[in-house]
There are 2 protein chains.
Amino acid sequence: MQEDMDTVPQSRSGDITLLEKMRRQITNGRYGPGDLIPELTLAEEFGVSRTPIREALKQLQNEGLVEIRPRVGTFVRQPTRREIVELFELKESLEGLAAGLLARRGRVRELETLERNLMDSDRAAAEGDSQAYAELVHEFHWTLVRGADNRKLYETYERLMNQLAYHRIVVNTVARPERLKASDNEHHSVVEAIKSKDALDAEFTMRNHVRASSQAALRPIDEPQPARPGSIDDDAQENRRVEGGELRAC
Amino acid sequence: MQEDMDTVPQSRSGDITLLEKMRRQITNGRYGPGDLIPELTLAEEFGVSRTPIREALKQLQNEGLVEIRPRVGTFVRQPTRREIVELFELKESLEGLAAGLLARRGRVRELETLERNLMDSDRAAAEGDSQAYAELVHEFHWTLVRGADNRKLYETYERLMNQLAYHRIVVNTVARPERLKASDNEHHSVVEAIKSKDALDAEFTMRNHVRASSQAALRPIDEPQPARPGSIDDDAQENRRVEGGELRAC
DNA sequence: CCATGTCTTCTTGCATACATGAAACCTATG
DNA sequence: CATAGGTTTCATGTATGCAAGAAGACATGG
């Protein structure tokens, strides 16, 4: 869904499948944050040698998903709270840039995709189908970034989202109804601004949306909601689990 | 100069030297764009095996400096003109973000570094020492990005600059005097906006500066200047050399 | 019971050997 | 002379072996 722009970004070697599988293993699979991932285990699991595993792990390292402690091992890395804030700041800037660029492009295919997405999102919002809505949010943002027609931006965004482990966030996302509604409205505003071809307006509307969404995602960490009193009081510490399941984004 | 923020970004293995050396070999060294880089050659040159060389090459690939054609070889990659434009768009956005963040931080160490830089730049500009000025431009931008106090932004910026092969640009940069002067003035405006703690103003002042600088850098490609009529007429084609020596940035 | 020093084990880091595939080259033929 | 086919060469992709280092366990002495 995010591998094909028009042609393949780079003619990477055939391990693209392996790398993707390993990514899944780490983000969704049974490897949780802090866990050690022995190369040999993965190697015999995927039926290959340690060499390609090592290469993939190195790539995952500089994507920020794992941490390789030399001579010790490779561990699943959980972004610190600070890193998440930093990534959201970047996300806001990049998606703002994307919205502006898309607005400048005029009526392109991606814009129509966004409009269709809006209709589907309205329906999902009306029905309160937060699962479907989460999927549509995903598609909305990726479509927008793709529509910017800037491959370097796209790659940077991809890397960013991988680091955020956005999958983990989105999958566990069952947004609160009021935020869902607000999100839907904001999406409408964004598309409206893009359609009006006002690049600056589009950029800032998007940035406001991303900021709101990020803050909504971070809030459960900042101040545990009364409805869910449980067990979140020890942030402040770095390298502490940020309880990804609590993150929402839309 | 750009490896140390406070602590080392990631405890990478000891090949950081090797990787850096290879980067130099490619950006400065005897490997020009399009050249094949046999792993074995590098291996025996650095006195190591092919394995660490391969790892470094893979990293250089996803930094965009080389292209690995599977089963064929690793080639020095020259960014296409389009990619350079894309990278400059990103650069503008990222440095704008950095300026805004720095403005919000108030009076920090980096701000004083910028002010000192301004004084030195004024002197270099007055003396017409474009070489020294180029160095100071370099420091100016890196200091600003570092001053944003956002490590993810810093890493993204670093990756971006590596892809741009900014070294190649800056080293060969002997900016035209009028652009040098304009650049110096813009730097002043930027620092002024940052000091006034107006984040939005700082962001846009910076963005305007980066845009101006980028356009100045791209102009020699767009329209060969009458003073240097030579040999630049075949852009439009992708994968064509962009004649990095012609790029200026300030 | 606690602390300290040693040892074992596990994991990575690097080197090397071999297989595979692609590109270039050489030759033979129309 | 040009072209098609086959062969050779070269560079990568992968597997495996070996060594070095770190973390934890265990035993021993205070």
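By convention in this document, chain letters (A, B, ...) are assigned in the order of the sequence lines, proteins followed by strands, and residues within each chain are numbered from 1.
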Length of the CG-P vector between B:L19 and C:dC14, whole Å: 12 Å
A:R50 CZ - D:dT14 C1' separation (whole Å): 13 Å
Length of the line joining B:E44:CD and C:dA15:C1', which is rounded to integer Å: 14 Å
Between P of D:dT12 and CD1 of B:I53, the distance in whole Å: 11 Å
Phosphate-side-chain proximity, A:S49 and D:dA15, N/O vs OP1/OP2 below 4.0 Å: yes
Short side-chain to backbone donor-acceptor contact, A:E86 and B:R151, under 3.5 Å: yes
5'-most by nearest nucleotide on DNA chain D - B:L36 or B:T51: B:L36
Pairing of A:D149 and B:R82 as salt bridge, 4.0 angstrom limit: yes
Test side chain to side chain contact (heavy atoms under 4.5 Å, CB included) applied to A:K58 and A:I68, step by step: CA-CA 8 Å; A:K58 265 240 162 174; A:I68 300 179; 4.3 Å; yes
Sugar-phosphate, base or nothing in reach of A:I37, heavy atoms under 4.0 Å: sugar-phosphate
Pair A:R30 + A:E45, salt bridge at N-O below 4.0 Å: yes
Spacing of B:E55 atom CD relative to C:dA15 atom P, expressed in whole Å: 11 Å
Ring-face cation of A:R69 near A:F75 (centre distance under 6.0 Å, axis angle within 45°): yes
Sequence-distant partners of A:R24, salt bridge (Lys or Arg N to Asp or Glu O under 4.0 Å), two or more places apart: A:E20
Distance, rounded to the nearest Å, where A:L57 contributes CG and C:dT12 contributes P: 8 Å
Protein-nucleotide distance (A:E39, atom CD; D:dT16, atom C1'), rounded to Å: 14 Å
Interatomic distance where CD1 belongs to B:I68 and P belongs to D:dT12 [whole Å]: 9 Å
Enumerate all atom pairs, one protein N or O and one N or O from nucleotides 20-24 of chain D, separated by less than 3.5 Å.
from   : atom 1 : to    : atom 2 : distance (Å)
D:dA20 : N3     : A:R71 : NH1    : 3.3

A:K152 and A:E155 ion-paired at < 4.0 Å: yes
